[in-house]
K.L.:
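Questions regarding the structure given below will be posed in turn.
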Amino acid sequence: MNYTKETDKKWQNYWAKEKVFNVDTKDSSKPKYYCLVMFPYPSSELHVGHARNYVIGDAVVRYKITQGYNVLSPMGWDAFGLPAENQAIKHNVYPQEWTFNNIKRIKEQLNSWGIGYDWAREVTTCLPDYYTWTQWIFLQLYKKGFAYRKEAFVNWCPSCKTVLANEQVITASCERCSTKVEQKKLKQWFFKITEYAERLLSDLETLDDWPQRVKTMQQNWIGKSWGVEIHFPLENITSTINCFTTRPDTIFGATFLALNWEHPCVCGLIKDSPNRGEIEAFIEKVKNQPMSASLLDNFEKEGIFTHKYAINPMTKRRIPIWIANYILTEYGTGAIMCVPAHDRRDFEFATKYGLPIIEVIGIKQSKTSRHRLKEAYEGEGVLVNSAEFSGLESQEAKEKIAEHMETHNIGRRGFNYKLRDWLISRQRYWGAPIPIVYCDSCGQVPVAEENLPVLLPEVKEFLPTGQSPLTYIEEFIQTKCPKCGKAAQRETDTMDTFVDSSWYYLRYISPHEKKFPFISADVNTWLPVDQYIGGVEHAILHLMYSRFINKFLFDCNLVNFTEPFRRLFTQGMIVKDGAKMSKSKGNVVAPDYIIEKYGADTMRLYILFMGPPQKDAEWQDEGLQGAWRFIQRALRLADTLKTHKGGVDTREPNASERALIKKIHSTIKEVTSDLEGNFQFNTAISRVMELVNQAYKSLGSGFVRKEILRETVDAIFVLLAPFTPHISEEVNQMLGSKASLLKRRWPQWNEEYLKEEEVEIAVLVNGKVKDRIQINVNWPKEEIEKKALELEKVKKALGKNSPAKVIYIEKRIVNIVL
RNA sequence: GCCGAGGUGGCGGAAUUGGCAUACGCGUCGGUCUCAAAAACCGAUGAGGGCAACUUCAUGCGGGUUCAACUCCCGCCCUCGGCACCA
């Protein structure tokens, strides 16, 4: 049988014509299964690395269909945003043009690989029928106070000329272009994701079918820590400064306080300070030198004494208050208690400015080493110099001291999170406009829901300048205040692309709905998503934002589930020459020539066979050859049927046939369990390869009647169908089946055929294999052991020794111990 | 520094959860076919030693538990990801 690209086309046309992947969401005759693959940015055409994602998804979809599920497999385009816009700029075309050309191209690619989608549900985030609802969701957040504008230090990418969310800064660089980000103080729009920190964290525990690594990354990102907020009274002033600490056990070693210059107390403290001028100069200096990870390596800790004192509430001693440049405003209270003996940052600072260092953890050499410590000891230990708490272990002391503080009103137990609010405004053209209007008399006013969408105007100039390009479009800016009707101006920033993608999985259920973003009743029956598939690069970004938006919609009673994705699979990257595929490196493997030369199934098979799908894998053209050879070998086996003599044969199956029948059933069983497990496509495929090998072996070693051979060929291609759907359909048709494989059911194995009477087991002497014997599993243990001991090779190995012990493990081994 | 994942032939990777290590594929070597080559097919293939029957050593390193360890325990080393002045 010839496998050509016409075979691919034939079946792709058939699936499209028969609408086999189109789903009636109202159909309740079958259990639902929502399989979602992360939709692509149409910023360039796809390469084999991208293909892995869709091929995995398609294998799951086809498998689940044959298991009798009503499978929803939608696809769409994450079409707004930096990637497409940057590419458009580079190629000197409009973003819309660039985006829609790519959508067309990628769609062709996906179709040419035989990936099955319900295209009737296609969503495109840059079209008004979609972004109307993105804006609508913004308004719901705004109404509830979850969307707000504030001035803050934000991450600024000097190359993309826009602000970025914390999540989009990857080790101090822009997620898109890798330029080092800067800190800028700007008035920007935020979503209050911090309000959901606790739920985002604790609900991770309900996500049993998410990879641990993704959950851990989110956990770390949310960064919850237990501690005590301690109130430090000020000397001579009836006020306190609150400091959060995770180490209340070190309170007796707190020898000074350090404040960020923005701390609300700073103004009052320095008012009558003798060195006020100096302090103000210091503040001016550090104001323009915000902390950022890019500066970390050569960041010099600096500070200035305010000449004011606070009281350590436990030691009752007065401790100096400093203003320092290493205190974060966004975390805790913007003020910290400093324990130089047990915190390396405080140690560095105290050493520089000659502040007292008092050891309170650990017992060794406390007298001699004071002031002469080489470094801070940050671990836990036994408390010293800590009044009645001395002698306690850190763990216990934390609790006891916290309790003491609460009863004496010096502090309160609580938690802090590293998670920051999500910065969603962008000074870029290619995004959904933020539906807000500024009015001279009414201030900031949301656009009325019935006036959505705020259309993104077509523009001539969209190059990033640091100001949103919309700033220059008078017709866009000038509007009427939704409240008072007077002249007003529109917000010109657009929304982060991640807002668009944080709810698209809901839109697929009601893609053409005109009055609502989605129909809640339908969404509630189809979600959560049963299987989500995508790259691990979204472990924090998209997957955290979506969880947040979903929880918000839950709180609005728009959905009745708190987590959008029940099961998550993150596939590994395909690398070439040890590096991620990229145009700049010139190591991109384009799928087109593969499809042309070997057909879609060869590419699909190789991609799935190359290794465990969750791990990175190195692309090798030789591997592709192997997949091709296997397909040819399997097709040749199918061809032997044509010349094989048939007829009724009532004889008992011979040894060759029995081996083959058994192999068919064990293969069905193993492939099924590989697919049911963690998508072990690589081993599933290797098992089908073994079945093909067994078929040739049986044909070579004895007569195999046509019926059994036919059954073998059928099993091979049915089992391969999720991976190589085109040739599987072709063979299925050749075998006389009228219906598509997608209408057939996944094969069942029969345990009867797997029962073994005769097995070969190994005989070991002192743990080393000496020989093998055929045994009957029904033989008593004694008989098997006796037979093992009678073996020549065993006798030889035993020599004059007699066995001390004989161990028989059913159907596996006999071990003879001397 | 902290957290997570991993380390098995020349290579990608298997191993029923403690029971015959290296399945399956790639590569390499040998053979068949051919005027020849390619393709295809068949066979061999962890490393060392031995004419041989055999034998020794091998799952990052070092210990331990066990009749038996890639698998479990203790202590290290290395690689890759994530976070990183978060008090």
Side-chain angles (χ1 to χ4, degrees), chain A residues 170-172 211-221 223-225 227 243-247 250 254 258 291-293 295-296 299 301 324-328 330-333 335-339 342-346 348-349 378 416-420 536-537 539-540 572-573 605-606 609-612 614-627 629-630 632-633 636 666 669-670 673 680 682-690 692-693 696 700 760-772 793 796 803-818:
Chain A
I170 311 297
T171 47
Q212 188 52 49
R213 113 180 119 145
V214 173
K215 290 195 278 187
T216 309
M217 280 163 77
Q218 292 210 2
Q219 250 166 39
N220 292 342
W221 189 259
K224 180 183 187 177
S225 31
C243 300
F244 177 78
T245 180
T246 54
R247 295 294 302 271
T250 64
M291 285 190 334
S292 96
L295 301 168
L296 246 183
F299 187 82
K301 286 187 182 45
N325 67 346
Y326 71 100
I327 314 303
L328 299 163
E330 308 258 341
Y331 184 82
T333 61
I336 60 163
M337 70 172 210
C338 299
V339 185
H342 304 293
D343 182 287
R344 64 183 184 286
R345 297 152 302 178
D346 299 344
E348 190 188 324
F349 193 81
E378 298 189 312
N416 249 310
Y417 302 87
K418 290 187 200 173
L419 184 70
R420 302 290 150 75
V536 75
E537 66 273 16
I540 297 173
M573 237 179 358
L605 190 74
Y606 173 55
F609 182 64
M610 65 196 299
Q614 69 276 15
K615 280 177 68 180
D616 289 354
E618 169 83 25
W619 180 273
Q620 276 164 338
D621 281 339
E622 293 81 12
L624 199 62
Q625 293 273 357
R629 262 202 294 269
F630 166 69
Q632 296 306 316
R633 186 169 147 84
R636 225 177 298 121
S666 67
K669 183 177 181 176
E670 285 163 347
S673 96
Q680 297 159 67
N682 55 331
T683 51
I685 292 165
S686 76
R687 295 185 203 286
V688 183
M689 288 170 166
E690 284 184 59
V692 172
N693 290 347
Y696 277 107
E760 190 186 68
I761 64 166
V763 180
L764 292 68
V765 175
N766 271 350
K768 300 219 160 143
V769 183
K770 291 293 168 193
D771 206 353
R772 287 159 226 280
K793 286 178 182 173
K796 204 178 146 201
K805 209 172 171 188
V806 180
I807 295 154
Y808 169 59
I809 304 295
E810 218 184 324
K811 297 185 199 171
R812 301 238 192 284
I813 53 133
V814 176
N815 191 10
I816 298 156
V817 187
L818 294 184

K.L.:
Pick the P atom in B:G48 and in B:C3, then give their distance to the nearest Å.
P.N.:
43 Å
K.L.:
Can you see which heavy atom on A:Lys770 is nearest to which on A:Lys793, and at what distance?
P.N.:
O-CD, 3.4 Å
K.L.:
Below 4.0 angstrom from OP1 or OP2 of B:C67, is there any side-chain N or O of A:Asn766?
P.N.:
no
K.L.:
For A:Glu760, which contact category applies under a 4.0 Å heavy-atom criterion: base, sugar-phosphate, or nothing?
P.N.:
base
K.L.:
Please state the P separation for the pair B:G7 and B:G43 - nearest whole angstrom.
P.N.:
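Straight-line distance between the two P atoms is 32 Å.
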K.L.:
Using a 4.0 Å heavy-atom cut-off across all strands, classify A:Arg636 as base, sugar-phosphate, or nothing.
P.N.:
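Sugar-phosphate contact only.
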K.L.:
Roughly, in whole Å, what's the span from CD in A:Gln218 to P in B:G4?
P.N.:
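A:Gln218 atom CD is separated from B:G4 atom P by 16 Å.
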K.L.:
Have a look at A:Gly626 and say if it touches a base, only the backbone sugar-phosphate, or nothing, with a 4.0 Å heavy-atom cut-off.
P.N.:
sugar-phosphate
K.L.:
Can you name the nearest heavy-atom pair linking A:Met337 to A:Thr245, along with the distance?
P.N.:
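Shortest heavy-atom contact: CE-OG1, 3.7 Å.
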K.L.:
With respect to the side chain of A:Met689, which nucleotide from B:C67, B:G25, B:G19 is positioned closest?
P.N.:
B:G25
K.L.:
Any strand counts, and the cut-off is 3.5 Å on both contacts for Watson-Crick or G-U wobble. Which nucleotide pairs with B:C51?
P.N.:
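Checking every strand shown, B:C51 finds no partner, since no pair has both distances under 3.5 Å.
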K.L.:
How many Å lie between CD1 on A:Ile813 and P on B:U66, as a whole number?
P.N.:
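In whole Å, B:U66 P and A:Ile813 CD1 are 17 Å from each other.
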K.L.:
Can you tell me the pairing partner of B:G27 across any strand shown, Watson-Crick or G-U wobble, with both distances under 3.5 angstrom?
P.N.:
B:U45
K.L.:
Between B:A23, B:A14, B:G19, which nucleotide gets closest to the side-chain atoms of A:Glu690?
P.N.:
B:A23
K.L.:
Report yes if the side chains of A:Val769 and A:Val763 come closer than 4.5 Å at any heavy-atom pair, otherwise no.
P.N.:
no
K.L.:
Would you indicate which nucleotide in B:A21, B:A23, B:A87 comes nearest to any side-chain atom of A:Ser686?
P.N.:
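Of B:A21, B:A23, B:A87, B:A23 is nearest to the side chain of A:Ser686.
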K.L.:
Considering only side-chain heavy atoms of A:Arg812, which listed nucleotide, B:A21, B:G19, B:G13, is closest?
P.N.:
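Nearest listed nucleotide: B:G19.
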K.L.:
Can you measure A:Met217 atom CE to B:A84 atom C1' for me and round it to whole angstrom units?
P.N.:
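Distance check: A:Met217 CE to B:A84 C1' gives 14 Å.
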K.L.:
Using modelled atom types and a 3.5 Å cut-off, is there a donor and acceptor pairing between side-chain atoms of A:Gln680 and backbone atoms of A:Pro612?
P.N.:
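The answer is no, because no donor-acceptor pair under 3.5 Å joins these two groups.
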K.L.:
Is A:Asn693 close enough to B:A23 that one of its side-chain N or O atoms is under 4.0 Å from OP1 or OP2 there?
P.N.:
no
K.L.:
Just the rounded figure in Å: distance from C1' of B:A15 to CG of A:Asn682.
P.N.:
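The answer, rounded to whole Å, is 13 Å.
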K.L.:
Return the polar atom pairs (N/O with N/O) between nucleotides 42-53 of chain B and the protein under 3.5 Å, or none.
P.N.:
unit_1 : atom_1 : unit_2   : atom_2 : d
B:C42  : OP1    : A:Arg633 : NH1    : 3.1

K.L.:
Taking the side chain of A:Leu328 as heavy atoms from C-beta outward, which of B:C26, B:A87, B:C67 is closest to it?
P.N.:
B:A87
K.L.:
Within the structure, does a side-chain N or O atom of A:Thr683 lie under 4.0 Å from either OP1 or OP2 of B:C24?
P.N.:
no
K.L.:
Give me syn or anti for B:G6, where syn covers glycosidic angles within 90 degrees of 0.
P.N.:
anti
K.L.:
Can you tell me the pairing partner of B:C76 across any strand shown, Watson-Crick or G-U wobble, with both distances under 3.5 angstrom?
P.N.:
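Paired with B:G60.
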K.L.:
Which of these nucleotides, B:A87, B:C83, B:G27, is closest to any side-chain atom of A:Ile327?
P.N.:
B:A87
K.L.:
Of the nucleotides B:C3, B:A87, B:A14, which has the atom closest to the A:Asn220 side chain?
P.N.:
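So the nucleotide nearest the side chain must be B:C3.
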K.L.:
Using 0.5 Å steps for rounding, measure from the CG atom of A:Leu764 to the CG atom of A:Asp771.
P.N.:
10.5 Å
K.L.:
Side chains of A:Val339 and A:Arg247: closer than 4.5 Å at any heavy-atom pair?
P.N.:
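No, every pair of side-chain atoms sits at 4.5 Å or beyond.
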K.L.:
At what distance, to the nearest 0.5 angstrom, does OG1 of A:Thr246 lie from CG of A:Asn416?
P.N.:
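So the gap between those two atoms works out to 9.5 Å.
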K.L.:
Let me spell it out: for each of A:Arg687 and A:Glu378, pick the nucleotide of RNA chain B with the closest heavy atom. Which residue's pick is nearer the 5' end?
P.N.:
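The 5'-side residue here is A:Glu378.
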K.L.:
Please determine, for B:C67, whether a Watson-Crick or G-U wobble partner exists with both distances under 3.5 Å, and give it or none.
P.N.:
B:G19
K.L.:
Rounding to a whole Å, what distance do you find between A:Ile809:CD1 and B:G18:C1'?
P.N.:
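Whole-Å distance recorded here is 10 Å.
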K.L.:
If the P atom of B:C78 is compared with that of B:U56, how far apart are they to the nearest Å?
P.N.:
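To the nearest whole Å, 34 Å.
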K.L.:
Under 3.5 Å, is there a donor-acceptor pair between the side chain of A:Arg344 and the main chain of A:His342?
P.N.:
no
K.L.:
Atom CD of A:Gln212 to atom C1' of B:G82: distance rounded to whole Å?
P.N.:
13 Å
K.L.:
Got a donor-acceptor contact below 3.5 angstrom from the A:Asn815 side chain to the A:Gly767 backbone?
P.N.:
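Yes; judged by distance alone, with no hydrogens or angles, the pair exists.
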K.L.:
Say we look at B:C29 and B:A47: how far apart would their P atoms be, to the nearest angstrom?
P.N.:
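Those two atoms are separated by 15 Å.
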K.L.:
Taking OP1 and OP2 of B:U79, is either one under 4.0 Å from a side-chain nitrogen or oxygen of A:Lys615?
P.N.:
no
K.L.:
First locate atom CD1 of A:Ile807, then atom CZ of A:Arg812, and finally report the distance between them rounded to the nearest 0.5 Å.
P.N.:
15.5 Å
K.L.:
Under 4.0 Å: is that the gap between some side-chain N or O of A:Arg629 and OP1 or OP2 of B:C24?
P.N.:
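For B:C24, OP1/OP2 do not have a side-chain N/O of A:Arg629 under 4.0 Å.
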K.L.:
Tell me what A:Lys770 touches on the nucleic acid: a base, only sugar-phosphate, or nothing, going by heavy atoms under 4.0 Å.
P.N.:
sugar-phosphate
K.L.:
What is the distance, to the nearest angstrom, from the CE atom on A:Met573 to the C1' atom on B:A5?
P.N.:
14 Å
K.L.:
Identify the nucleotide, in any strand shown, that forms a Watson-Crick or G-U wobble pair with B:A37, with both distances under 3.5 Å; if there is none, say none.
P.N.:
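When the pairing criteria are applied, nothing turns out to pair with B:A37, so the answer is none.
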K.L.:
Please state whether the phosphate of B:A87, meaning OP1 or OP2, lies under 4.0 angstrom from any side-chain nitrogen or oxygen of A:Tyr331.
P.N.:
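Result: yes.
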K.L.:
Is there a side-chain polar atom (N or O) of A:Arg247 under 4.0 Å from OP1 or OP2 of B:A87?
P.N.:
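Checking B:A87 against A:Arg247, no side-chain N or O comes under 4.0 Å of OP1 or OP2.
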K.L.:
Quick check: does any side chain N or O of A:Asp616 sit under 3.5 Å from a backbone N or O of A:Met573, one acting as donor and the other as acceptor?
P.N.:
yes
K.L.:
Counting just side-chain N and O atoms, does A:Lys215 come under 4.0 Å of either OP1 or OP2 of B:C3?
P.N.:
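So the side chain of A:Lys215 is outside the cut-off, no N or O lying under 4.0 Å from OP1 or OP2 of B:C3.
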K.L.:
Starting from P on B:A14, measure out to CD1 on A:Ile685 and report it in whole angstrom.
P.N.:
12 Å
K.L.:
Which residue lies toward the 5' end of RNA chain B, A:Leu764 or A:Thr216, if each is placed at its nearest nucleotide?
P.N.:
A:Thr216
K.L.:
Is the glycosidic torsion of B:U17 within 90° of 0, making it syn, or is it anti?
P.N.:
syn
K.L.:
OP1 or OP2 of B:C3 versus the side-chain N and O atoms of A:Arg213: is any pair under 4.0 Å?
P.N.:
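Checking A:Arg213 against B:C3: no side-chain N or O falls below 4.0 Å of OP1 or OP2.
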K.L.:
Mind checking if A:Lys768 touches a base, just sugar-phosphate, or nothing, with heavy atoms under 4.0 Å?
P.N.:
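Result for A:Lys768 = sugar-phosphate.
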K.L.:
Considering only B:C67, B:A87, B:G13, which nucleotide approaches the side chain of A:Ile336 most closely?
P.N.:
B:A87
K.L.:
Select base, sugar-phosphate, or nothing to describe what A:Asp346 touches, counting heavy atoms under 4.0 Å on all strands.
P.N.:
nothing
K.L.:
Please determine, for B:G1, whether a Watson-Crick or G-U wobble partner exists with both distances under 3.5 Å, and give it or none.
P.N.:
B:C83
K.L.:
Which atoms form the tightest heavy-atom contact between A:Leu605 and A:Ile685, and what is the distance?
P.N.:
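Closest heavy-atom pair between A:Leu605 and A:Ile685: CD1-CD1, 3.8 Å.
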K.L.:
Is there any protein nitrogen or oxygen under 3.5 Å from a nitrogen or oxygen in nucleotides 8-12 of chain B, and what are the pairs?
P.N.:
unit_1 : atom_1 : unit_2   : atom_2 : d
B:G12  : O2'    : A:Met610 : O      : 2.5

K.L.:
Between the main-chain N or O of A:Trp619 and the side-chain N or O of A:Tyr606, is there a donor-acceptor pair closer than 3.5 Å?
P.N.:
no
K.L.:
Consider only side-chain N and O atoms of A:Tyr326 and A:Asp346, and report whether a donor and an acceptor are under 3.5 Å apart.
P.N.:
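A pair is found: one side chain offers a donor N or O, the other an acceptor, under 3.5 Å apart.
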